[in-house]
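Encoded as structure tokens, the structure appears first; notes follow it.
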Amino acid sequence: MSILVNEDTRIMVQGITGHQGSFNAIQMQKFGSKVVAGTSPGKGGSEVNGIKVFNTVKEAMKEDPNATFISVAAPYVLDAAKEAMYSGIDLIYILTEKVPYQDTMKIVSLASKLGKKVVGPNGPGVTSPFTCKLGIMPNQIFKKGNVGVISRSGTLTYEIVNLITTNGLGESTVVGLGGDPVTGMNYIDALEEFKKDDQTDAVAMVGEIGGTAEEEAAEYIKDRFNKPVVSYITGRSAPPGKRMGHAGAIISRGKGTAESKVKALEDAGVSVASYPYEIPSLLKEVLK
Amino acid sequence: MSILVNEDTRIMVQGITGHQGSFNAIQMQKFGSKVVAGTSPGKGGSEVNGIKVFNTVKEAMKEDPNATFISVAAPYVLDAAKEAMYSGIDLIYILTEKVPYQDTMKIVSLASKLGKKVVGPNGPGVTSPFTCKLGIMPNQIFKKGNVGVISRSGTLTYEIVNLITTNGLGESTVVGLGGDPVTGMNYIDALEEFKKDDQTDAVAMVGEIGGTAEEEAAEYIKDRFNKPVVSYITGRSAPPGKRMGHAGAIISRGKGTAESKVKALEDAGVSVASYPYEIPSLLKEVLK
Amino acid sequence: MNLYEYQAKELFKKFGISIPVGKHVATEADLQWNKFPVVVKAQVLTGGRGKAGGIKFANDIGDLQAKGKEILAMSIKGLKVRSLLLEEKLEIAKEYYLSITLDRSTKRPVIIASTSGGMEIEDVEDSKIVKYWIDPTLGYSSFIGREVSFKLGLSTEESKQFQDVLGKIFALYEGYDCELVEINPLVVLKDGKILAGDAKVVVDSDSLFRHKELFENPAERTELEELAFKRGYALVELGGDIGVIANGAGLTMATLDGLTLKGLKPKNFLDLGGSDDVEKVVGAFQILKEAKIRGILINIFGGVTHCDTVANGIAEAKKRVGINVPIVVRLSGVNEDLGRQILKENGIESYSDMMDAINETVKVVK
Amino acid sequence: MNLYEYQAKELFKKFGISIPVGKHVATEADLQWNKFPVVVKAQVLTGGRGKAGGIKFANDIGDLQAKGKEILAMSIKGLKVRSLLLEEKLEIAKEYYLSITLDRSTKRPVIIASTSGGMEIEDVEDSKIVKYWIDPTLGYSSFIGREVSFKLGLSTEESKQFQDVLGKIFALYEGYDCELVEINPLVVLKDGKILAGDAKVVVDSDSLFRHKELFENPAERTELEELAFKRGYALVELGGDIGVIANGAGLTMATLDGLTLKGLKPKNFLDLGGSDDVEKVVGAFQILKEAKIRGILINIFGGVTHCDTVANGIAEAKKRVGINVPIVVRLSGVNEDLGRQILKENGIESYSDMMDAINETVKVVK
């Protein structure tokens, strides 16, 4: 089995008539995902590549979606997430970047009270080859396998997934948490899912500077995780106080350095790569 | 068994150093309730009749209360209820009257998300002779028995409880819902508790004009309740558009009349008394 | 507390909701206007003022002054017209309905909207009404406005304005602790612009401590009610001739019901509340002294209120207030015997049973 | 976005938080004051200005003008002092610390307070710090202020003022989407009054669409960063001499890390982001042309960004921009072969593997 998404995942795309929304709706379809509905206020009744478009999520619920792909502009993400949650959607993926973090905080807090899961914002989503892709990862880099991947990055994730695939391994599920200081799911949440997943035999954890999520994950791995983990941490050369592209990638007041993360992970018995290309061989070692 | 409160109920009094707070804390003790703590910001360290006073609920949690009696002024009730709920208290009784109804709405909504129960505001609380009294009902009117009582009134409840007691019957638990347009627990919530309660063989339901809670209760009794119910509805002579003492006792836009409530209850097979004194004989009939 | 239309529209303006150009006029001297025709609207806290002649159109200054004076001199449903609202005449294309109020059953604010406006919402058929219940923890969010306006079938341009108004009246509803915010009609002008034709706002009286800039509109109370209110009593005037004093809203209502079932007409609801104070009892008699009544029934079930306190109050009132109609007393509960004893010493008979007291009242006022 | 102290204090004033009497001064001509001594504070977006001589006391008007001119001419940690804040000298009895910021681990705002103020909070021992995490769905409520101030052990009078300030800075924190609101020191005056001695506010840049009245303070960026920002690029200047262009923040950082591990010093972080646009690539080169560098490494993993688009961009840049340092290209992923072909036709060698490209960069810049 995969985690978070599977063949029963029925995707709705909020903001389906936008450039990102329509492009990715079609890419998800091509991957094999069930994209069952889209929303775009005022464009109800139209279609995008055979996907019915509705004015509101409430109307779109006729098509029985259970996951949403949110691709509306940053100022409208909070509203879109509330609309989805209050209409009964259980898995919320937010593609949008530059969402004010207090909005994300409200979404995440509300989701936990309502028992919903949130992936993102500002991440590439969740992909399980080849049952379902909820997100924007490139379709052609995957191979079905037994490695779970968790990452805060986008392109770096693709690089590493591609390395795994081209070196003869494959992925169970790839989870992109998103590069913001506050995101829905974090490493521990994803590790907890992988813990229960039969298909996953090892996990590759891609981290970056900023915050202490990797350190907390290391604690979790040490005490409560049951599968081998390998890791790559990026941002070793980043100066303090500067945001490195991602809103969350910043060393502030001495916290969030790559050194601290690498040390915590190594202390937890995780093999940490110096370069991305080392990940496949580390995986092969732990999977022996 | 009783409902809502029992011998394991450990009461905290928020606002214990006020007139109402201290008076009722002592009355509850006299009844046999376990009053384990009180709060009064700035008066931490003092005592009221042997009950320790704390500055905050968080500190008072040392005494392990699981229910609270809120007796702070109306503008501070919302804050006090949040403080109690967020400190882990499960049963919130609010004595205070004239709480803005939007504050009550927020308390009730939050409570339902956090899995807490709210009784009141503006009601006499819950009494189970003689295991626990959480509220302000007079101590001397009760007798342990098999009649559950639910009411939106204060003194009228005492009148009816007294009639039940002096006519040779007794009460399992008496619940005063409160006279406001929005209260935490309503008739149906209390009926659901009585449904599961072995000690209760019949229910006396005291209603009044305003809203449609009695009509909804009647529907519930008809379809899903398992014990005989008798009722008295007050306010038959009240003119429309006037608040009869209670903020919630008002007939507005044709809704909330006594006639409508009496009819709904009679349609549900409930015997409705014309005068309070008829309640004991109606009870004796259904308990035969 | 009901607000007058002009007060409600001031709040609308504060929240950025479009209203007609208008002017509040309290005296004849202020009956000035310069663009005709103009609408002259009586400011009274009751419905049906149109039918009662409280809304008129004026075509020139003379006409305005004549009609203005006429309406200022009116009373509508017993309420004196104290001021007017003058407003531009609107070029109305359509009339919608929009309100937010409390739904007691769900304990949530409910948005009620309809494209059939201009009449009482109770008279609009259900299929033409859209309702949306708002989670109080969540509050308002734009998607709610979209859902409501799509369900109403509004055009894109109308929908945009409608959502804007809805968001703003929710802010007003929350910000001013309203029981009701109602726009009826919500007017669509011939040029497509949407504005609030009328405005009804009811503020929760219990919330006034945080809205100190609002003050209670006295016209909501009768003279006797105003007197009682000023003295801190919960009194409702009912129009009969039997004075009633009881403790607790429910028991007081039950007392009124009992008298009514026996063919008497109560003058008032008067609840002593949860007090235990001799002067509070005396004060109740002082208020009833101002009312035209044939007798007084006092019905007390002693709890927080002790029977002996009430008895002392009645005895005091007998001495100081000088009531010259029959008084029937029922005392039961805490310190009942002591209370009855005190009354007896003061030459007042009393009952333990509520029905006995009601029956006695029937007898003495005949 | 960091706010200057004077801007932060303007927001404090707006939210009703007491601040010292003060005046913001941008020119020497404005160096006027009438109650001495006065504090002259450099307005710069960096800590440690006191130690750097950016805070001075003046005892008379001559002193003020001399010291004011002196500070206005200073640079602190490379940042030019552009303005001053003049403030009354306070009669300080005690210095506390108070802030609200994001706790990333719990995803909640955290209140941090201490009675040991006036120094960096990182230097205060844990036992003297009180923390409170706020549920974002619940927001702030008075009991939180009570809990914090009782834990701090404040006196009744201090507690009252402290709770007032806390409620207000939370309103500011929420109302302006702040990443940080910090008062250090929170000053208790000799007369018992509490006010904000300093003020630090950091606003979430992503929220500026709803705070249009704030505008970005440019001093936070270097010249090269400002240029890139204006043209819509995410660039961070690092100080080395190897230009880097990559796509995705993580991959770009990984590229910098790879170069660094090989002993090179990158000049910059430059992320093309999720675009697929020839001109975006050309523009990146136009920016790097302004930087002093010895070579450029382009590292692309094609997904949304197609390799052929990047190749066309590089070819265009070669023609139009005129870069005269070595360029090393790595292309992998979507349309890789086509991209490599395009580059070849334009006389540019490229690599499929990231490590090969890094190693080649090491070679060509030596």
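Hydrogens, waters and symmetry mates play no part in the numbers below; they use all other heavy atoms, side chains included. Just so we're on the same page: letters track the sequence lines, and every chain starts at 1.
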Take atom [atom1] in [X]; do more than 12 heavy atoms of anything else shown fall under 6.0 Å from it?
X         : atom1 : result
Asp123(C) : CG    : yes
Lys52(A)  : NZ    : no
Lys168(C) : NZ    : yes
Lys113(A) : NZ    : yes
Lys195(A) : NZ    : yes
Glu120(C) : CD    : no

query: With a 4.5 Å heavy-atom cut-off, do Phe143(C) and Val57(A) have their side chains touching?
result: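 A side-chain contact is absent here, since even the closest heavy-atom pair is not under 4.5 Å.
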task: May I ask you to test the Asp79(A)-Arg146(C) pair for a side-chain heavy-atom distance under 4.5 Å?
output: yes
Rounded distance (nearest 0.5 Å) linking atom [atom1] of [X] with atom [atom2] of [Y]:
X         : Y         : atom1 : atom2 : result
Leu114(A) : Leu138(C) : CG    : CG    : 8.5 Å
Phe150(C) : Thr56(A)  : CZ    : OG1   : 7.5 Å
Ile144(C) : Lys58(A)  : CD1   : NZ    : 10.0 Å
Lys82(A)  : Asp135(C) : NZ    : CG    : 9.5 Å

task: Side chain from CB out, backbone as N, CA, C, O: work out which of these in Tyr76(A) comes under 4.5 Å of a heavy atom of chain C, or both, or neither.
output: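 Nothing of Tyr76(A), per the 4.5 Å heavy-atom cut-off to chain C.
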query: So what's closer than 4.5 Å to chain A heavy atoms on Ser142(C): side chain, backbone, both or neither?
result: both
